[in-house]
Structure formats: structure tokens, C-alpha cells
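Heavy atoms only: backbone and side chains are in, while hydrogens, waters and symmetry mates are out. Below, read A as the first sequence line, B as the second, and so on, with proteins coming before strands; counting in each chain starts at 1.
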Protein chains: 2
Amino acid sequence: MKGRFGKGPPENWPSHFKGWGYRVTMPRRIILQILNNAEKHLSAEEIYLRAYKIYPAIGLTTVYRTLDLLIKNGVVIKVEFGEGRARYELAGRVEGINCHQHLVCMNCRTFFDSSELTEEDINVIKKMKEKLYRKYGFSVKSCILQFYGECKDCQKNE
Amino acid sequence: MKGRFGKGPPENWPSHFKGWGYRVTMPRRIILQILNNAEKHLSAEEIYLRAYKIYPAIGLTTVYRTLDLLIKNGVVIKVEFGEGRARYELAGRVEGINCHQHLVCMNCRTFFDSSELTEEDINVIKKMKEKLYRKYGFSVKSCILQFYGECKDCQKNE
DNA sequence: ATCGATGCAAAGGTTTTGCACTGAC
DNA sequence: GTCAGTGCAAAACCTTTGCATCGAT
């Protein structure tokens, strides 16, 4: 199971599992489809439950293993919001970088996406990316901007 | 154990545990001291091991509970690098926001800080903060910019 | 003296591993 | 027919909880 990280996700990934040298199986097809249709960051268990409805033979183990594979190939990003479980989302490519913006309420622990990066934001991130390459030889593939604070509701109930 | 999130860390926090209405105990003093001297992001176990050398009576449970307390009071930030365990670091306040920049190698899983935010970077983050408040009523207290990619060494061995 | 804080042991929850079986190539 | 991929059960981990005891105030 060699990671091909760096090549980025092929356009038609379902069939391109093969392109990476991996076998195309039902669980893999389904997991990718679920991630593609996901309206939010899903946990491994949530992915498992959705997959189960379509293909009850699936095991949670396979979900974890497939996610690892997709992460290694740069198709999926693993995110953690301090809940004690990881969440996964498709890496959407913007300007050569996959960039996600998350808000986490430190009080009630809710979290959500805010994918509202302006052109200016993206330019700054691109500059940071270049600087990190010059300075550390580190090649940035994706980035997560996680803001912690208090959500509207929690501020009210202060 | 009421969180006082939002007030920010007092300048002389060891003695100010008391200021928050909490008792000043040996474990708390030691854990804070360890975090203060830490050269990197420490896991709960690493903190425990360091504390143990100074005060062998300490328990891992207390480490977790003290960290929760410090997080709730905005003194410590909990970070996750996808290792399956959390790490903790002191929240250094910059321009009203605690901001951290992390690099994580998706191949070898090493990670490190790059706390090199330019004035421009900080301005952009401040703008984002303001926008998030206007748009969602979300009050940003700290932010983590996590870059995922490949480190120098892993690129060589490709 | 009170009651918050602690340590231990046990529980809880997520993720990983071992192994025999299955199915994609 | 091979061997990568799978599912199950068990193991491994990290973190939290219950409870009796300790100690800061």
C-alpha cells in the first residue's frame, strides 16, 4: 500500500483507484460516493452507517482502511475538532491548494465550515505556501484554517 | 468548574489560579511550569512523564483535568495532528488572537511549528476574524493555520 | 471543617491488528 | 489462480468517570 501523495486526485477518481494500482471494489466505490455527496464532515462511523444502507456486508474496518488510502493519495482530508473522533472530507482543490476554513465553538463544541476565502485570503495563503517551501523545503498540499471561539448562542447565554 | 473562557490568561497565571476561583495545588503549578518550559507541543502523557519526575504522586487523570481547566480559561490550546492523541501548548497572544501555524507531513507524520506570521498575515487574519463576527456572530479567540504536505526528507525519498 | 482537587481502577469510545476468507485482476 | 482487499473479533490506545481520600482555604 504505497502512498502516491503528491500526484493529487485524478478527475474521475472512482475508476482511477485502478490508476493508482489499487483494486476497484464495492466498498471503495461506495465510500467515495458517500464522501462526494456528504454535506458536512463525516466521522468514520457516520460513513460506515451510510455505507451499510447501500451495502450491508461492509465492515467498519474497511471504512478506516479506505480512508487511510484516500488520505495517502490526497483525495481526503482528516480533520479533528477535539471531539475525540476524527472527521473526513473530500479535499477540494483551490488554486493548487486544498484549503478549508473551520469554526469551532470552544463552549458547546459545535463546528462548521466557512469556505468563504476571498481572493486576498487565497493570495496570502499562496505566499505562505511559497515561503514555507523556500524556508523549510516543505511542500504544502492542503491547509486548514481553524478558528476557535464562541458561537453566537453561547455568547448570549454568558 | 465553570469555564471563564474569554477573559484570557492573567499575566502571572500560576498564582492566578486563585484569581479564577480555583485552588492552587502542586500538580497545577507543575503542569503549568512544564507547559511554560515546553519546547514543542506535548501530549498528555509527555506532560505526565515530565511531571512525574518532579512529583511522582501525580496521576495522569489530573493532567487531563488540569489541561481541560486551562483550555477552558484560554491559557492552553489543544491541537491534533491526526496521530490519535491530542497535544497541548500555551496560547501565545498576538494582536488579540492566539495564532499558531503548524506544518504536518502527511507522509512521515512529523509536525512542527512555524510561528512566522508577517504583519500582512496578521492583518488578513484580523480581517477574517471581523468578517466571521459580522457574518455569523462568531467571536474568534484563537486560530490555527495547519498546513499539510510533504517535508523535505520525504520529497527526496520519492 | 468544608468541599474542591486528587489518584486509582474501571469504564468508554475510537482506531488498529491478526487471521482466514473472498473476489478483482 | 493469485494475492490484494475484506470482515470479524480481539486488542490497543487515549480519555473520561466513579469513588474514597486528601488537602487548600
Given C:dT15, D:dT6, C:dG7, identify the nucleotide with an atom nearest to the side chain of A:Tyr88.
C:dT15
Residues A:Glu39 and A:Arg50 bridged, charged N to O under 4.0 Å
yes
Which comes earlier along DNA chain D counting from the 5' end, the contact point of A:Val63 or that of B:Lys78, where each point is its nearest nucleotide?
A:Val63
Let's see if you can work this out: which of C:dA5, D:dT6, D:dC3 has an atom nearest to the side-chain heavy atoms of A:Pro27?
D:dT6
Nucleotide C:dG23, atom P - distance to CZ of A:Arg29 in whole Å
14 Å
Rounded to whole Å, the CD1-C1' distance (B:Ile47 to D:dC14) equals 14 Å
note: A:Leu42, atom CG; C:dT15, atom P; distance rounded to Å ~ 13 Å
Quick check: do A:His100 and A:Val79 have side-chain heavy atoms less than 4.5 Å from each other?
no
Please give, in whole Å, the distance from D:dC14 P to B:Glu46 CD?
11 Å
Classify A:Thr25 by what it touches in the nucleic acid, base, sugar-phosphate, or nothing, heavy-atom distance under 4.0 Å.
sugar-phosphate
Are OP1 or OP2 of C:dT6 and a side-chain N or O of B:Arg28 less than 4.0 angstrom apart?
yes
Expressed as a whole number of angstroms, how long is the span from B:Ile31:CD1 to C:dA5:P?
13 Å
Can we say B:Arg85 and B:Glu46 salt-bridge, meaning some charged N sits less than 4.0 Å from an Asp/Glu carboxylate O?
no
Starting from the 5' end of DNA chain C, give me the residue, A:Glu45 or A:Met26, whose nearest nucleotide shows up first.
A:Glu45
At under 4.0 Å between heavy atoms, what does B:Tyr55 touch on the DNA or RNA strands: base, sugar-phosphate, or nothing?
sugar-phosphate
Side chain of A:Leu60: nearest nucleotide among C:dA24, C:dT15, D:dT6?
C:dT15
Provide, to the nearest angstrom, the distance between the CD1 atom belonging to B:Ile58 and the C1' atom belonging to D:dG23.
15 Å
Which nucleotide, D:dT17, D:dT6, D:dT16, lies nearest any side-chain atom of A:Arg65?
D:dT6
OP1 or OP2 of C:dT16 sitting under 4.0 Å from any side-chain N/O of A:Tyr64?
no
Heavy atoms from C-beta onward define the side chain here; which of C:dT15, C:dA5, D:dT15 lies closest to that of B:Ala86?
D:dT15
A side-chain contact here means heavy atoms from C-beta on lying under 4.5 Å apart; do B:Tyr88 and B:Leu70 qualify?
no
Over how many whole Å does the gap from B:Ile30 atom CD1 to C:dA5 atom C1' extend?
14 Å
Let me know, please, whether B:Arg23 or B:Ala57 comes out on the 5' side of the other along DNA chain C by nearest nucleotide.
B:Arg23
For residues A:His41 and A:Asp113, determine if any side-chain heavy atom of one lies less than 4.5 Å from a side-chain heavy atom of the other.
yes
In whole angstroms, how far is the P atom of C:dA5 from the NZ atom of B:Lys72?
12 Å
